[in-house]
2 protein chains.
Amino acid sequence: MSDTTGRTLRLLSLLQAHREWPGAELAERLGVSPRTLRRDVDRLRELGYPVHSVSGPAGGYRLEAGTAMPPLLLDDEEAVAIAVGLRTAAAGTVAGIEETSARALAKLEQVLPSRLRRRVNTLHTQTVALPGALPRPWPAVDAETLAVLAQAARDRERLRFGYRDRDGAESARLAEPYRLVSAGRRWYLVAWDTGREDWRTFRVDRMTAPRAVGVRFAPREPPEGHIERSIVAPISRHRAVVTLHAPLEVAADRIWPSDHVRLEAVDERTCLLRTGGDSLEWLALTIGLLDLDFTVHEPPELADRMRRLAGRLRADQGSTEPPERQ
Amino acid sequence: MSDTTGRTLRLLSLLQAHREWPGAELAERLGVSPRTLRRDVDRLRELGYPVHSVSGPAGGYRLEAGTAMPPLLLDDEEAVAIAVGLRTAAAGTVAGIEETSARALAKLEQVLPSRLRRRVNTLHTQTVALPGALPRPWPAVDAETLAVLAQAARDRERLRFGYRDRDGAESARLAEPYRLVSAGRRWYLVAWDTGREDWRTFRVDRMTAPRAVGVRFAPREPPEGHIERSIVAPISRHRAVVTLHAPLEVAADRIWPSDHVRLEAVDERTCLLRTGGDSLEWLALTIGLLDLDFTVHEPPELADRMRRLAGRLRADQGSTEPPERQ
DNA sequence: GAGTCGCGGTCAGGTTCCGGCCGCGATCGG
DNA sequence: CCGATCGCGGCCGGAACCTGACCGCGACTC
């Protein structure tokens, strides 16, 4: 049995499925001796995939980001999610990468098992069937954060983060994430709060700087039906509050309405814009492009960013001819 | 030299990059004898990946859809496209798979090289429809069709399809696809029409039942500027020429390569960007988000728009308190 | 019908792989 | 500070594997 290639692939798959593994468990799963496992790991390293290792108790192996993409080993659901995401992106929901998305989609669909293809079809038609509601404004959630949370929950790693509760009070938390839940556009993390010694449901948008602390914990089940809560506000990294020195109607005319935008009149010549976004540059530019006089109230960083951008933009635009027509 | 595992991986990668390969070429690329190649193919089959083969001249190997997902071997752009698609899907743009998308994203981001991560970030913020540039409903292009076209173009396979031209006249076409181009919400296929013996640009939504006919053709280059003339120019109202005060590599890293974008080095610290778009605001936004110093040469309106934008951003007084807390 | 191409059997020689054993060093907990 | 745990990598011997070469066969195209 020419097992070694397949085993190496299986090892890669395991390393992608969980972030960190103790060597002994890997060896057992692959059905080889620990010595051979070390050799397999070396093989992966020689192939250019950086496998990081930690000595001592609680040591183990983990696959890190290197300079080249390793082969992605996906389970069924993930493959479906990717296919659906690519279809949507190719449909023009995401600007600028349509053609590449189509190419990636071609590659994936070439090898996509037919039972999965069926699922992709039903899912895709389900989601795109809302022509009116299709053009989404900006992303509701910080994807980076989601990825961190999903990973911590998957790998059963303790999570440290700041949390701002309903009343705005900040606190530092240490929790054992159980599952990431999305309800509508909102995301929640169900977790065991080790400080409070109880189950909590955290709104993801109120969490700050979550990071896996590297300590694994024993799984734990939450009580039946623990996952209920209701909230309103959108989820984005930066929330902006800006006064626009223009009548409400004028402003409303230039702003693409969405869940993430609130516009209220202050008086007949002024209105207040509340909005949010993942990047300060994005906020600065979209606000600036409204072409209205405005005053930024929050966040303070936004004003800084605007000044910096203004500096870039000011520099003698259009004064010169392009260098040379090659 | 323990090459065999890596070679098997490389073989898998080749089989995903093109649909069909003649055995001799695969053997040469992998640097082994044809006999060994056959053994490698057998190995893949034993691992459960269905490699189909065709005898006779024009024979070769092709990887087909099996019962399990094979490891996906992605190039940089594809990886970025998938990451962006997943982020968007996870953010709730696509209903029903948010949690799975987040999981897949975690898996991908764990191994995503950092240079790609930057591209994902800048791209991700651009997913929004602009105020002003309202997304009008468009004859939806079938993702399945797109995948077929992208694959045929990639693999250089002749394509047979029906086409309904501007006047509604139907015709059957046989063409050698060159490239799939997306402009705005529309898709075009640039191809050599073997019947007309000339280059044609087909609108994808007017094509019916395209399918790869299985015949490979020798690649052929369209005349210089053909794509720009037939698609980019008519579609994008504004064509911009901008000097970026950054090395080519830095700029290339932040700009999504597409048919609408040309980037050339001027010297070691400067490069020239040519791009196009429907709206000045969109152009200003994408250029502004690059976070690079730049100088706009064309069009003059864009330079004006940038100056105005700079004025707005600078004019903000940055007062701290909003008028009244509602 | 000729030529091309994939298929798979066989063989021989060299290489690799594996498990077991060892001492080493890093890390964590007491 | 010490001991336990875990990853590291050298070494060994025997078994297994991999490779290239050669062969005749069958499928397919022109």
Side-chain angles (χ1 to χ4, degrees), chain A residues 1-12 14-15 18-47 49-64 155 157-158 212-218, chain B residues 1-12 14-15 18-47 49-64 155 157-158 212-218:
Chain A
M1 181 112 123
S2 112
D3 207 19
T4 138
T5 300
R7 195 183 56 233
T8 308
L9 236 50
R10 249 159 52 228
L11 174 57
L12 206 50
L14 289 175
L15 286 174
H18 266 271
R19 192 156 67 161
E20 185 140 6
W21 293 85
E25 189 174 348
L26 284 177
E28 198 207 348
R29 290 220 180 200
L30 297 174
V32 292
S33 70
R35 183 66 187 89
T36 300
L37 171 79
R38 265 172 279 158
R39 273 190 276 247
D40 285 353
V41 170
D42 280 344
R43 220 193 315 275
L44 284 185
R45 288 183 182 143
E46 268 169 31
L47 289 174
Y49 309 124
V51 181
H52 185 241
S53 50
V54 182
S55 303
Y61 296 90
R62 92 168 30 183
L63 183 60
E64 295 195 326
D155 298 339
E157 285 191 48
R158 284 226 177 114
V213 86
V215 181
R216 313 220 7 219
F217 59 85
Chain B
M1 184 120 102
S2 111
D3 208 19
T4 139
T5 300
R7 196 183 57 234
T8 308
L9 237 52
R10 249 157 53 227
L11 174 57
L12 205 53
L14 289 175
L15 286 174
H18 266 272
R19 191 156 67 163
E20 186 141 3
W21 294 85
E25 190 174 348
L26 285 177
E28 199 207 348
R29 291 218 180 202
L30 298 175
V32 293
S33 71
R35 184 66 186 90
T36 300
L37 171 79
R38 264 172 282 160
R39 275 191 272 248
D40 284 354
V41 170
D42 280 345
R43 219 193 315 274
L44 283 185
R45 287 183 181 142
E46 270 170 30
L47 289 174
Y49 309 124
V51 182
H52 185 240
S53 51
V54 181
S55 302
Y61 296 89
R62 96 169 28 183
L63 182 60
E64 295 196 326
D155 298 339
E157 287 191 44
R158 283 226 178 114
V213 85
V215 181
R216 314 229 352 227
F217 59 85

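In this text the structure is predicted, and so the values were computed from the model without any measurement. All chains are named by letter (A, B, ...) in the order of the sequence lines, taking the proteins before the strands, and each is independently numbered beginning at 1.
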Among D/dT19, C/dT10, C/dG6, find the nucleotide with the atom closest to the side chain of B/R35. C/dT10

Choosing from D/dT19, C/dG8, D/dA27, which nucleotide comes nearest the side chain of B/T4? D/dT19

For the side chain of B/R7, counting heavy atoms from C-beta on, which of C/dG8, C/dC5, D/dT19 is nearest? D/dT19

Between D/dC18, C/dC18, D/dC11, which one does the side chain of A/R43 approach most closely? C/dC18

Nearest to the side chain of A/Y61, which nucleotide is it out of D/dG9, D/dC8, C/dC7? D/dC8

Look at B/R39 together with B/D42 and state whether they make a salt bridge at an N to O cut-off of under 4.0 Å. no

When you measure from every atom of DNA chain D, which of residues 26-33 of chain B have a heavy atom less than 4.0 Å away? B/V32, B/S33

Over all strands shown, is A/P22 touching base, sugar-phosphate only, or nothing at heavy-atom distances under 4.0 angstrom? sugar-phosphate

The nucleotide from D/dC8, D/dT19, C/dG6 with an atom nearest the side chain of B/D40 is D/dT19

Per the atom types in the model, does the base of C/dG8 pair as donor or acceptor with the side chain of B/R39 at under 3.5 Å? no

At 4.0 Å (heavy atoms only), tell me whether B/R62 reaches a base, stays on the sugar-phosphate, or touches nothing. nothing

Distance check needed: D/dC18 C1' versus B/D3 CG, whole Å only. 11 Å

Spacing between A/E25 atom CD and D/dT5 atom P, to the nearest angstrom: 18 Å

